[in-house]
J.: 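Structure provided below as structure tokens; questions to follow.
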Number of protein chains: 2
Amino acid sequence: ASLRHAGVSLRCQCIKTNSKFIHPRRMENIEIFPSGPHCSNVEIIATLKNGTPVCLNPEAAWVKKIIDMIIKNSEKTES
Amino acid sequence: ASLRHAGVSLRCQCIKTNSKFIHPRRMENIEIFPSGPHCSNVEIIATLKNGTPVCLNPEAAWVKKIIDMIIKNSEKTES
């Protein structure tokens, strides 16, 4: 579950994180919130295509992999 | 400049992208939009702490580096 605040986040938004793999095809976007004064955790929130926000575990290997994969995908579409 | 749509993006949001380095300390969050039917480009939009959205160039090496750095930072805070 996540406490979504529009714009500036005032505190941690993720109560717990999901470590189970979610296929990137189901994702509308991925938001990365650096740690800061408002929250000491890095938070990664994927918004699924059905509108559901899901907190992802920043330390799960698959999370890093799909972020890299999505960004690498930019090279294919533009070249 | 970016055409920010709340929630689901209907078309490309970035008219042009910024390739100049922006220090992650100035960033509130980073949103990654996979390419899809709505837009054939991968789009990465950083929202700065002053609320300004900035479209980043997904192919700029520093963009990938700061995303990796922010995520890796999660290991330090939690261990």
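Lettering of chains follows the sequences in order, A, B, ..., and the numbering in each one begins at 1.
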J.: Would you please name every residue forming a side chain to side chain contact (heavy atoms under 4.5 Å, CB included) with A:Pro24, sequence neighbours left out?
T.: A:Phe21, A:Ile66, A:Met69, A:Ile70

J.: Please report the closest heavy-atom contact between B:Pro34 and A:Asn29, naming both atoms and the distance.
T.: CD-CA, 4.1 Å

J.: Please tell me if the side chains of A:Ile67 and B:Asp68 come closer than 4.5 Å, counting only heavy atoms from C-beta onward.
T.: no

J.: Nearest 0.5 angstrom please: A:Ile32 CD1 to B:Glu31 CD, how far?
T.: 10.0 Å

